[in-house]
Amino acid sequence: MNIGRNRTSKGLAACLLMLLLAVILGGCQARERNVLRTLSAPVITSHNTARLNVFLTLEEKLGPAIQLVINDIELLIDDLWLPLSDEEVTLDSTAIGDGQLFLGGVAVPPGQYRGLRMTVTEGMVRTVSGQNPITLLKPKQVVITSGKGFDLNLGDSKTLHVNWDVESSITSENTLAPRFFVSGALRNLPVNLVFAACPEINTVFVVRNDKNWVVDSFGLTGRPTYLGIERSARSARFYALAADERMVKVIDSASFRVIDSYSTLNDQATHMAISPDGDWAYLVYEKSGYLSRMNLRTGQINPRVKLGKQPNYVVYLKEQRLVAVSQGLDQTVLLLDPETLRVVRRVSTGSNPEGLLVVDNVLYVAESGDSTVSINDLASRAAQSRMMVGFGPRRLVGTEDQIFVSNYKNGSLSVLLPGQLGALQEIFGFGEPLEMVFDDFFRRIYVGDQREAGLMVIDTNSNQLIRKISLGAKPVGLAIVQ
């Protein structure tokens with residue numbers, strides 16, 4: 001009896017073991033098939049991936065008015081198709097015109113990019129009368145292969161350009177056959193470019209000023225926040241503050257290669273300014289309250305001084321040969337000697353001072369806590385005046401005859417005239433505007449918009465918003481090369 005029960009138990013155990021193995025192996029196979037079919041794409045570039053950013057432009061801006069509805073955009077990396085976007089996107093050639101459309105950005109495993117495909121579900125050609133004589137009869141999958149492709153190495157963040165040939169998308173039989181081709185980065189001379197650092201995806205985008213197109217991008221580890229340009233004729237390079245790695249990285253502006261890295265000590269710098277001669281970086285540390293002066297030829301830090309509470313913004317005042325630092329909790333702006341970092345003067349401010357600008361020896365301070373800009377005459381030390389602007393002003397930038405204030409909390413720019421105690425106008429249409437740079441050749445201001453995840457372009461002749469450049473991530477530091 002016991003022997004029979006033992007045999008029965010052993011047989012039952014064997015069956016259960018075989019069933020368990022079948023479930024495990026079947027589950028593994030199912031998971032493997034799912035990975036190959038619908039590999040999920042992380043939003044943020046991590047340390048074991050590369051990144052590809054995809055933009056679409058028209059081959060010619062004048063052509064037939066075609067509208068396409070596309071979805072299931074995928075990228076071929078090595079032998080694996082990976083999703084770029086599964087959302088429905090409408091391509092309207094009339095709306096795109098001479099602009100650029102961001103199709104998406106995605107983190108991918110390192111490998112060789114070989115192609116792109118998408119499904120066109122709807123399509124039509126509009127005539128002047130509004131009729132649609134040509135339509136897409138059935139959904140069509142478009143595969144765009146690349147001859148050589150290009151390599152995506154660990155930490156890369158590259159740009160892929162999709163060109164839509166609108167003219168050739170209508171066949172000789174008067175049917176609609178969408179035609180696209182792809183190219184890599186559009187390399188340009190290192191002039192008339194705007195650089196935008198997006199720390200959440202470890203990427204710096206390169207924008208061509210004349211077209212307002214993203215023409216290139218490169219990966220930069222350590223969450224690059226603020227950028228600085230060396231404006232001397234000695235060399236062509238710029239600097240990036242990699243906050244998480246506690247480094248200042250030196251970058252060749254022609255190849256976008258990191259040619260050197262300097263430690264900011266065991267402390268996370270939160271803002272950076274570069275001296276006009278490109279020899280020194282000034283770093284503020286908001287949490288610890290320090291200010292450091294870094295030699296950009298050697299990386300040596302000397303001196304390093306303790307300031308007050310929450311220094312959050314630093315700028316080099318060229319004409320005054322002073323370094324200015326805003327201190328949020330102390331409600332002061334410190335003016336310091338650029339060599340010794342000795343405090344020369346303290347300027348009292350309103351609540352939470354941030355961005356600083358000097359025009360005609362007058363210091364303008366964005367007071368984000370009070371929604372005001374204070375005005376301080378540095379020569380006469382006259383009584384301070386103050387003007388109301390939009391909610392949460394954080395940065396200022398000057399042109400030849402105007403001052404622009406980014407109002408972070410109500411999505412606008414206030415326009416001021418130097419010497420006048422009141423805002424000239426307010427420009428709306430932003431999400432959360434923050435950093436700004438001025439292009440004095442094309443007379444445009446580029447505004448980093450945190451909520452819109454891109455750059456907004458202002459024509460300073462008309463003070464109108466003329467272009468939105470989508471990046472797919474929040475831009476922080478901006479720099480311009482002219």
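Any value given below was found using the heavy atoms of this structure, including those in side chains, with hydrogens, waters and symmetry copies removed. Note that the structure is predicted; figures quoted are calculated from it, not measured. Positions are given from 1 along the sequence.
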Item to check | Heavy-atom closest contact (F428 atom, L465 atom, distance) | outcome: O-CD2, 4.5 Å
Item to check | Nearest-0.5 Å distance, CG of residue L58 to OG of residue S93 | outcome: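 It is 6.5 Å, given to the nearest 0.5 Å.
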Next on the checklist: To the closest 0.5 Å, what do you measure between NZ (K158) and CZ (R51)?
Outcome noted: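 Spacing of NZ (K158) from CZ (R51) equals 15.0 Å.
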Next on the checklist: Can you classify the ring geometry of F55 versus F102 as parallel (below 30°), tilted (30 to 60°) or perpendicular (above 60°)?
Outcome noted: tilted
Item to check | Parallel, tilted or perpendicular: ring planes of F238 versus F195, cut at 30 and 60 degrees | outcome: tilted
Checklist outcome for this item: So the ring pair (Phe, Tyr, Trp, His ring centres under 6.0 Å) pairs with at least one residue in residues 149-185 (sequence neighbours excluded) are Y113-F150, W164-F180
Checklist entry - Going by the ring pair (Phe, Tyr, Trp, His ring centres under 6.0 Å) test, which pairs reach into residues 429-482, not counting sequence neighbours? => result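 Not a single pair qualifies under ring pair (Phe, Tyr, Trp, His ring centres under 6.0 Å).
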Next on the checklist: Taking side-chain contact (heavy atoms from CB on, under 4.5 Å) as the definition, give me every residue that meets it alongside N266, ordered by chain and number, with sequence neighbours left out.
Outcome noted: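 Result, side-chain contact (heavy atoms from CB on, under 4.5 Å) vs N266: R246.
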Next on the checklist: K211: which residues meet the side-chain contact (heavy atoms from CB on, under 4.5 Å) condition with it, sequence neighbours left out?
Outcome noted: R208, W213
Item to check | Residues which pass ring-ring contact (aromatic ring centres under 6.0 Å, His included) with Y226, listed by chain and number, not counting sequence neighbours | outcome: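 Only H271 meet the ring-ring contact (aromatic ring centres under 6.0 Å, His included) criterion with Y226.
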Checklist entry - Should L227 and L478 count as side-chain neighbours, where that means a heavy-atom distance under 4.5 Å? => result no
Donor-acceptor pairs are to be reported for all side-chain atoms of residues 450-459 against protein atoms at under 3.5 Å, with residues two or more places apart or in another chain.
residue, atom, partner, partner atom, Å
Q450, NE2, P475, O, 2.5
E452, OE1, K468, NZ, 2.8
D459, OD1, N461, N, 2.9
D459, OD1, N461, ND2, 3.4

